[in-house]
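Please read the structure below before turning to the comments.
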2 protein chains.
Amino acid sequence: MPRYREIYESLRQKIVLGQWPPGHRLPSEHELARSFGCARMTIGKALGALADQRLVTRRRRAGTVVNAPRPQESVLEIHDIEAELLAAGVSYAYQSLERRVRRANAADAAALGVPPGTPVLALTGLHRAGGQPHALEERLINLQAVPEARAERFADISPGRWLLQRIPWTEAEHQIAALNADAAIARRLAIRRNTACLTIERNTWRDEQRITHVRVIYPCDQHRLVARFRYGAA
Amino acid sequence: MPRYREIYESLRQKIVLGQWPPGHRLPSEHELARSFGCARMTIGKALGALADQRLVTRRRRAGTVVNAPRPQESVLEIHDIEAELLAAGVSYAYQSLERRVRRANAADAAALGVPPGTPVLALTGLHRAGGQPHALEERLINLQAVPEARAERFADISPGRWLLQRIPWTEAEHQIAALNADAAIARRLAIRRNTACLTIERNTWRDEQRITHVRVIYPCDQHRLVARFRYGAA
DNA sequence: AATCATAATATGCCTAGACATATTCAGAAA
DNA sequence: TTTCTGAATATGTCTAGGCATATTATGATT
């Protein structure tokens with residue numbers, strides 16, 4: 001284990017075990033360098049890592065101070081449906097239900113964040129796992145940003161995959177919510193009306209330009225999201 | 001802007017805009033140091049930041065290689081209910097519905113991950129916003145890990161807050177799912193039976209020891225989780 | 001007592017070099 | 001041809017110094 005990591009762990013222990021409570025000011029880099037017997041830059045690297053983890057706040061002249069624990073913040077992984085199912089040994093298929101090129105109506109414009117009238121590709125499709133419906137996907141693609149999508153049929157290739165491999169994106173936003181399945185959703189997912197579903201909406205940007213909007217709907221017993229967080233870990 | 005950050009941004013652009021596609025090998029640190037006119041350590045810092053963001057992979061002798069874009073991975077912030085509502089200018093209150101000290105039954109043991117028979121504190125409470133029910137909380141606290149909770153009434157202080165301020169935790173896991181409200185949930189949240197609800201389950205550890213398990217249930221129109229992600233950003 | 005300029009201090013960033021180590025590549029041996 | 005061995009190479013880490021800059025503490029002035 002490199003020296004800076006040893007120092008990082010040593011300091012982290014003091015914080016996590018409460019020996020240095022929130023608000024406590026750490027010794028200066030010079031002092032730590034002396035006590036650990038290393039160069040100041042090595043201490044700087046260790047303290048920088050603590051700051052990256054939000055365990056401490058560093059300000060010039062003010063020094064390095066232990067933070068209060070964050071309320072909740074976690075790394076969420078939203079997996080690729082296809083890859084996930086294949087990894088679990090379940091067969092996967094994407095089935096296109098609807099494909100339409102149109103000028104954005106008011107709803108499209110709001111969802112995708114483009115002016116009404118912009119050409120969009122609207123896709124509805126079903127992700128199947130082991131033959132059974134697994135998730136329903138409703139997607140809008142901004143044809144101004146991705147003109148080559150106009151020529152693609154998306155008959156059995158998931159548009160998510162297709163986009164991911166072609167279009168670099170720079171920003172994404174997810175919204176996670178619950179909804180009661182209406183008649184149309186229930187029919188397509190082969191579930192009873194009013195069944196609770198988990199929805200994930202995702203908006204994707206490439207440098208200010210909106211690429212796609214997608215809403216994926218999972219029946220409540222088919223999917224849960226898992227997020228794991230280690231306080232102050234790498 | 002510091003030099004290493006300029007270099008980071010410059011390299012990031014090349015990757016994000018597709019100029020350097022996945023698999024492309026970056027020039028060596030020595031070459032970059034020469035072309036940017038700086039010390040190798042400064043380049044190392046920039047490349048290290050790119051690696052932290054998972055934009056590149058670095059291996060000795062093999063060099064620094066551009067990664068394929070991640071499928072989806074995002075930073076999820078699960079906010080403190082109380083702080084969130086207060087920030088929105090809505091009055092907040094916690095109301096205890098049930099408080100019981102018992103030896104863990106099979107369900108408790110499974111949820112909290114402790115052996116059956118372990119003393120636990122089981123709490124049910126309601127978060128109210130503007131007088132109206134906002135979320136239902138079901139919580140188990142491991143009294144072996146947090147003995148001081150036995151003396152606390154939790155009549156109007158949210159146990160989440162109480163714990164957060166007292167007990168340092170080192171690891172947490174969230175599970176997000178949807179469910180149909182059953183009769184008991186519907187009554188307490190003053191919603192109709194079968195209304196879709198978003199649930200967040202959270203398990204918290206302190207160095208291997210389980211501290212608490214909590215399930216928070218939000219009616220579908222009361223809450224959505226938002227996660228935002230900038231590809232390769234700080 | 002209050003305000004303001006100044007000095008002290010801790011971090012932020014940088015350089016130029018060094019040795020360590022993992023990995024690859026090329027050439028030698030089987 | 002295959003396998004093995006050693007050299008080359010790129011990163012990983014570290015040192016010992018330096019200047020820059022934000023912030024605080026101090027002391028002087030009003």
Side-chain angles (χ1 to χ4, degrees), chain A residues 1-16 19-68 70 232-234, chain B residues 1-16 19-68 70 232-234:
Chain A
M1 191 187 281
R3 192 91 177 88
Y4 82 90
R5 195 117 182 79
E6 277 178 28
I7 295 169
Y8 168 87
E9 288 297 343
S10 153
L11 299 175
R12 179 176 166 272
Q13 279 305 307
K14 285 210 168 38
I15 295 169
V16 166
Q19 211 164 328
W20 284 346
H24 177 87
R25 178 167 154 183
L26 274 66
S28 78
E29 291 195 350
H30 276 289
E31 288 175 69
L32 288 170
R34 209 152 20 79
S35 68
F36 278 103
C38 67
R40 210 194 106 203
M41 221 181 174
T42 305
I43 298 294
K45 205 166 175 182
L47 291 177
L50 288 172
D52 285 345
Q53 297 296 332
R54 314 277 162 101
L55 284 168
V56 300
T57 299
R58 315 190 68 199
R59 272 162 58 231
R60 287 177 181 171
R61 162 76 217 207
T64 301
V65 176
V66 176
N67 282 338
R70 277 173 284 182
Chain B
M1 192 189 278
R3 191 92 179 91
Y4 82 90
R5 193 118 183 80
E6 277 178 29
I7 295 170
Y8 168 86
E9 288 296 344
S10 153
L11 299 175
R12 179 178 166 269
Q13 280 304 308
K14 286 208 168 38
I15 295 169
V16 166
Q19 212 165 326
W20 284 346
H24 176 85
R25 177 166 153 183
L26 275 65
S28 77
E29 290 194 350
H30 276 289
E31 287 175 71
L32 288 170
R34 211 157 13 81
S35 68
F36 278 103
C38 67
R40 192 174 68 102
M41 222 181 176
T42 306
I43 298 292
K45 206 167 175 181
L47 291 177
L50 288 173
D52 285 345
Q53 297 296 332
R54 313 277 161 99
L55 283 167
V56 300
T57 300
R58 315 190 69 201
R59 273 164 56 231
R60 287 175 181 172
R61 160 78 214 204
T64 301
V65 176
V66 176
N67 283 337
R70 278 173 283 179

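No experiment lies behind these values; they were computed from the predicted model shown.
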Please state whether the phosphate of D:dA10, meaning OP1 or OP2, lies under 4.0 angstrom from any side-chain nitrogen or oxygen of B:Thr64.
-> no
Rounded distance (Å) that lies between atom C1' of D:dT13 and atom CD1 of A:Ile43 | 14 Å
Got A:Leu47 and A:Val56 here, is their nearest side-chain heavy-atom distance under 4.5 Å?
-> no
Rounded to whole Å, CZ of A:Arg61 lies from C1' of D:dT24 at a distance of 4 Å
Report yes or no: does B:Arg58 contribute a side-chain atom to a donor-acceptor pair with the main-chain N or O of B:Leu50 at less than 3.5 Å?
-> no
Non-hydrogen side-chain atoms of A:Pro21 and A:Val66 separated by less than 4.5 Å | no
Counting primed atoms, P, OP1 and OP2 as sugar-phosphate and everything else as base, the B/S/- map of nucleotides 12-21 of chain C against protein heavy atoms under 4.0 Å is BBBBB-B--B
Can you check whether A:Phe36 reaches A:Arg3 side chain to side chain, under 4.5 Å on heavy atoms?
-> yes
Salt-bridge present (B:Glu31, B:Arg34; N to O < 4.0 Å) | no
Separation of A:Arg34 atom CZ from D:dT15 atom P, in whole Å?
-> 15 Å
What's the CD-C1' distance between A:Glu6 and D:dG12, to the nearest Å?
-> 15 Å
Does a side-chain heavy-atom distance below 4.5 Å link B:Met41 with A:Met41?
-> yes
Atom pair distance, as rounded to whole Å: CZ in A:Phe36 and P in D:dT15 | 13 Å
